[in-house]
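Heads up, the thing below is written out as structure tokens.
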Amino acid sequence: MHGAGSGARDGGMGGGSSKKSSPPPPPPPPLFQEGWRKLPQRDKDLQFVKSYQPFDKVRRLRILIHGPQGAGKSSFINSVDSALRGRIATRAQADAAIGGSFTTKFTSYKIKNTGTGTFYPFVFTDIKGLERDNGVFDVENIKLALKGHIKEGYRFNPNAELTESDPFYNPNPSLDDQVHVLVCVVNAATLAILDNGAIKKLRAVRLAAHGKGKGRGIPQVAILTHIDEACPEVKRDIKNVYRSKHLKKQMETLTARLGIPLNCIFPVRNYCREIETDDDVDTLILSAMRKITESGEDYLSDITDEENS
């Protein structure tokens, strides 16, 4: 009996071990078969930006760049400069190695048209990056910048709001001094860990811009940087940018968290290690720049229509 029982048990164990578990299904491919957004046309966008002229009401379209510290705000300005010049530019100082924001002053950057020797009719205003733990008055200072109340060279103090008695306060800003397009720069590689405090500040700036402008408010565009760090397939080939499932999800996350429409979000890779420009990198930068100038043009057109009605 002992032998029979043992044999039955052995047979049961043997029968169980003969069944092979099915292998796990392969992971889904990281890329869509087709791009969910068409790749822009570099030469077409380059020509548009180079030939852009704003309404007569302003000399230059004013573009305010803001976002969390280390997102690549200054690098984006340099990248636009590089794409238009055809060579790497580093006029807006950027440093990814420091712990805080590298930009400390209210600084405007004009880009020279190498063909004509004059400046393009738009100006970038770079401001101190929003800090996660500090910067009680970060948002309040940006609100003042939107309305044109901050003069060039003002050194940002995140713990003190610029007052009307300060020599860097502009009491009577012209339309040229005011912001015509607000650009939010966010790092795609760290978006998932962006804390609620930073999101709250970004949303506060967005709401301020919506209420401070004429008519429909100051237009807003978001730039998603470091896309090669966020997605290996894009690092391998930047032309995969609109085939990447991960980047599309990141853009949708940015829409959900900040409220910026998907068609106003543009993924780019800033120039940071190259010594020469690249057409594929330029393509995304110029596409974003075209959207920025078009948005500003619509805003100025709305102001003109309001005044004439």
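In what follows, residues are counted from 1 in the order of the sequence shown.
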Measure the spacing between CZ of Arg243 and CG of Leu31 and express it to the nearest 0.5 Å.
->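 Here the interatomic distance stands at 4.5 Å.
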
At what distance, to the nearest 0.5 angstrom, does CD1 of Ile65 lie from OG of Ser75?
->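 Those atoms lie 11.5 Å apart.
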
So [Y] and [X], do their side chains get closer than 4.5 Å, heavy atoms only?
X: Gln220; Y: Cys184; value: no
X: Leu254; Y: Ile260; value: no
X: Ile127; Y: Phe106; value: yes

Give a yes-or-no answer on whether the side chains of [X] and [Y] include a donor-acceptor pair shorter than 3.5 Å.
X: Ser108; Y: Glu152; answer: yes
X: Ser174; Y: Asp177; answer: yes
X: Asn270; Y: Thr225; answer: no

Just by distance, do the side chain of [X] and the backbone of [Y] share a donor-acceptor pair under 3.5 Å?
X: Arg206; Y: Leu258; value: yes
X: Ser287; Y: Thr283; value: no
X: Thr107; Y: Lys105; value: yes
X: Tyr271; Y: Ala89; value: no

Pairs flagged by ring pair (Phe, Tyr, Trp, His ring centres under 6.0 Å) wherever residues 224-269 is involved - sequence neighbours left out =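 Non-adjacent pairs meeting ring pair (Phe, Tyr, Trp, His ring centres under 6.0 Å): Trp36-Tyr242.
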
Report the relative orientation of the aromatic rings in His180 and Tyr299; use parallel for angles under 30°, tilted for 30 to 60°, perpendicular for over 60°.
->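 Judged by the thresholds at 30° and 60°, the geometry between His180 and Tyr299 is tilted.
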
Parallel under 30°, tilted from 30 to 60°, perpendicular over 60°: which one fits the rings of Phe122 and Tyr120?
->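 Phe122 vs Tyr120 ring planes: parallel.
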
Residue Lys112 excluded, over 12 heavy atoms near NZ under 6.0 Å =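 For Lys112, atom NZ is not crowded (no more than 12 foreign heavy atoms under 6.0 Å).
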
For Arg85, does the CZ atom sit with more than 12 other heavy atoms under 6.0 Å from it, leaving out its own atoms?
->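 Atom CZ in Arg85 is crowded, with more than 12 foreign heavy atoms closer than 6.0 Å.
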
Check ion pair [X]-[Y] (N to O, under 4.0 angstrom):
X: Arg236; Y: Glu233; answer: yes
X: Lys239; Y: Asp280; answer: yes
X: Glu274; Y: Arg269; answer: yes
X: Lys249; Y: Glu252; answer: no
X: Asp228; Y: Arg273; answer: yes

Does His66 have any side chain to side chain donor-acceptor pair (under 3.5 Å) partners at least two apart in sequence or in another chain, and if so, which?
->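 Expected list: none.
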
Not counting sequence neighbours, which residues clear ring pair (Phe, Tyr, Trp, His ring centres under 6.0 Å) with Tyr52? List them please.
->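 Result, ring pair (Phe, Tyr, Trp, His ring centres under 6.0 Å) vs Tyr52: none returned.
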
